[in-house]
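Note sheet for the following structure.
Lettering follows sequence order; numbering is per chain, from 1.
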Amino acid sequence: SQQGEEDPQALSIQEGENATMNCSYKTSINNLQWYRQNSGRGLVHLILIRSNEREKHSGRLRVTLDTSKKSSSLLITASRAADTASYFCADDGGSNYKLTFGKGTLLTVNP
Amino acid sequence: NAGVTQTPKFQVLKTGQSMTLQCAQDMNHNSMYWYRQDPGMGLRLIYYSASEGTTDKGEVPNGYNVSRLNKREFSLRLESAAPSQTSVYFCASSPAQGLNSPLHFGNGTRLTVT
């Protein structure tokens with residue numbers, strides 16, 4: 001079954017606004033990761049949150065994890081046009097090697 | 001620091017042709033991975049190598065073979081290309097065995113099979 005489904009599939013906001021993306025997964029995890037992909041490029045790691053953590057921050061990024069609901073959210077505050085990209089969550093499904101990616105959220109930040 | 005380097009960047013094949021996608025990392029990482037990315041499908045794991053000398057199947061291994069040539073290099077081979085293998089292929093590496101550290105991705109190989 002598909003792990004790490006993001007919601008929404010696409011999000012369009014104005015510069016300065018906050019952007020929230022959600023992710024759901026189906027089985028227990030050791031950790032969950034968020035990645036960013038600019039058009040035509042490879043994925044870049046943003047944040048890793050472990051199953052015993054509830055919240056993690058990195059600059060303008062805030063990730064939460066709710067293992068009881070099997071969900072995570074990524075919040076980007078004070079968005080910039082340069083944040084325009086696709087964002088993916090990925091979970092390990094409890095394994096050591098198989099990181100499973102969702103289909104991503106395409107974020108467009110309008111100047 | 002080059003990170004993960006994939007070659008070629010673009011390739012067009014005819015059905016039935018073979019080719020090898022090359023991947024090399026200069027970060028002394030133990031684990032390496034091959035993913036394919038298709039529109040609306042996200043990334044799907046083809047094969048991975050937890051450490052030098054080992055390889056294992058991922059979610060979609062059919063039609064592919066891999067070789068972990070040494071710690072730096074992990075190649076993906078298509079023996080007889082099919083149009084269904086048209087995709088963008090990403091190689092990734094991670095420092096430790098297991099997934100407690102992030103993956104580092106190359107910029108992809110865009111493959112079209114006609």
Side-chain angles (χ1 to χ4, degrees), chain A residues 1-10 21 23-53 56 58 61 63 65 74 85-106, chain B residues 2-7 9-10 21 23 25 27 29-51 54-61 66 68 74 87-110:
Chain A
S1 57
Q2 183 72 34
Q3 297 274 61
E5 296 282 352
E6 291 89 347
D7 170 55
Q9 291 185 348
M21 289 158 270
C23 167
S24 61
Y25 57 92
K26 291 184 170 63
T27 62
S28 61
I29 60 172
N30 296 316
N31 66 61
L32 185 140
Q33 303 183 31
W34 284 90
Y35 288 80
R36 164 195 169 125
Q37 184 181 33
N38 288 84
S39 180
R41 308 283 289 183
L43 281 73
V44 174
H45 179 260
L46 296 175
I47 289 184
L48 182 153
I49 186 165
R50 303 189 194 285
S51 59
N52 61 353
E53 297 176 312
K56 206 160 183 180
S58 177
L61 306 181
V63 167
L65 179 65
L74 170 66
S86 292
Y87 292 82
F88 295 86
C89 70
D91 70 86
D92 61 19
S95 81
N96 282 329
Y97 299 107
K98 295 182 182 181
L99 197 62
T100 303
F101 287 80
K103 297 176 183 178
T105 293
L106 175 59
Chain B
V4 178
T5 303
Q6 292 183 236
T7 55
K9 288 185 171 57
F10 301 93
L21 282 66
C23 174
Q25 51 91 9
M27 296 172 284
H29 285 176
N30 285 308
S31 301
M32 297 185 74
Y33 308 82
W34 276 106
Y35 284 88
R36 59 177 288 174
Q37 184 177 32
D38 302 292
M41 296 292 292
L43 278 83
R44 292 181 291 170
L45 181 64
I46 305 172
Y47 271 93
Y48 65 96
S49 171
S51 60
T54 69
T55 61
D56 282 286
K57 295 179 181 179
E59 183 185 354
V60 288
V66 291
R68 184 74 184 266
F74 188 37
S87 188
V88 182
Y89 291 86
F90 288 99
C91 177
S93 68
S94 65
Q97 291 191 21
L99 292 167
N100 290 320
S101 49
L103 300 187
H104 297 252
F105 282 83
N107 282 324
T109 293
R110 283 146 188 82

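Of the atoms belonging to Gln6(B), not a single heavy atom falls under 4.5 Å from chain A. At a 4.5 Å heavy-atom cutoff, Arg44(B) makes no contact with chain A through either its backbone or its side chain. Neither the backbone nor the side chain of Lys9(B) comes within contact range of chain A, judged by heavy atoms closer than 4.5 Å.
The main-chain N or O of Leu103(B) is found under 3.5 Å from a side-chain atom of Tyr35(A) such that the two form a donor-acceptor pair.
Between Gln37(A) atom CD and Asn107(B) atom CG the span is 9.5 Å, to the nearest 0.5 Å. The distance from atom OG1 of Thr100(A) to atom CG of Leu45(B), rounded to the nearest 0.5 Å, is 7.5 Å.
Residue pairs meeting the salt bridge (charged side-chain N to carboxylate O under 4.0 Å, His left out) criterion with at least one partner in residues 29-47 of chain A, sequence neighbours excluded, are Arg36(A)-Asp83(A).
Applying the side chain to side chain contact (heavy atoms under 4.5 Å, CB included) test to Gln9(A) and every residue at least two apart in sequence or in another chain returns nothing.
When every heavy atom of Phe88(A) is checked against every heavy atom of Leu43(B), the shortest pair comes out as CE2-CD1, 4.3 Å. Nearest heavy atoms, Leu43(A) versus Phe105(B): O-CB, 3.4 Å.
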